[in-house]
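Right, one structure below, let's go through it.
Positions are given from 1, in the same order as the sequence printed here. Values below: all heavy atoms of this structure, side chains included; hydrogens, waters and symmetry mates excluded.
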Amino acid sequence: MPQNKIPQPKAAKRHPIFERDGIHVYCEVPITFTQAALGCKLQVPTLDGKEEFEIPEGTQTGKTFTMFSKGIPNVHNPKRRGNHHFTVV
């Protein structure tokens with residue numbers, strides 16, 4: 001490596017499902033019109049695998065739900081995790 005050259009960190013690749021903001025995680029989950037209108041138990045992808053989440057009847061496309069403590073562990077306190085937010089589309 002040339003002498004005055006500082007190595008640059010490589011950019012992380014985007015995950016196909018999740019986006020990250022600090023310790024919080026975001027994703028979109030597809031839902032059918034019938035599931036949204038009548039409510040359902042939806043399988044939501046998380047960092048720990050799929051989790052079941054109860055979608056209430058009358059849910060509108062674009063509504064965001066939060067799964068608490070399902071995000072990324074806090075560096076300073078690994079027992080504390082961020083939240084997982086998902087939007088039904």
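At least one side-chain heavy atom of L47 sits under 4.5 Å from a side-chain heavy atom of V25. In this structure, T59 and F65 have side chains that are in contact, with non-hydrogen atoms separated by less than 4.5 Å. In this structure, V44 and E52 have side chains that are not in contact, with every pair of non-hydrogen atoms separated by 4.5 Å or more. Contact check for Q43 versus E51: no side-chain heavy atoms found under the 4.5 Å cut-off.
T66 and H85 share a side-chain donor-acceptor pair at under 3.5 Å.
Checked against a 6.0 Å centroid threshold, the rings of F68 and H84 do not count as neighbours.
The shortest non-hydrogen separation linking P45 to C27 is O-SG, 4.2 Å. The minimum heavy-atom distance between P78 and P73, with the atom names listed, is O-CB, 4.0 Å.
Linking Ile, Leu, Val, Met, Phe, Trp and Tyr residues whenever their side-chain heavy atoms come within less than 4.5 Å places V29 and I55 in a single cluster.
From I23, atom CD1 reaches atom CG of N77 across 9.5 Å, with rounding to the nearest 0.5 Å. Interatomic distance, OG1 of T46 versus CE of M67, reported as 6.0 Å (0.5 Å rounding). Taken from CG in N83 to CG in D21, the straight-line distance is 11.5 Å, to the nearest 0.5 Å. The line from CZ of F86 to CD1 of I17 is 13.5 Å long, rounded to the nearest 0.5 Å.
Counting only residues at least two apart or on different chains, the salt bridge (charged side-chain N to carboxylate O under 4.0 Å, His left out) pairs with a member in residues 77-89 are D48-R81. The salt bridge (charged side-chain N to carboxylate O under 4.0 Å, His left out) contacts involving residues 53-64 comprise nothing, where partners must be two or more places apart or lie in separate chains.
Applying the side chain to side chain contact (heavy atoms under 4.5 Å, CB included) test to T61 and every residue at least two apart in sequence or in another chain returns nothing.
For CD of E19, the number of neighbouring non-hydrogen atoms (other residues, nucleotides, ligands) closer than 6.0 Å is 12 at most.
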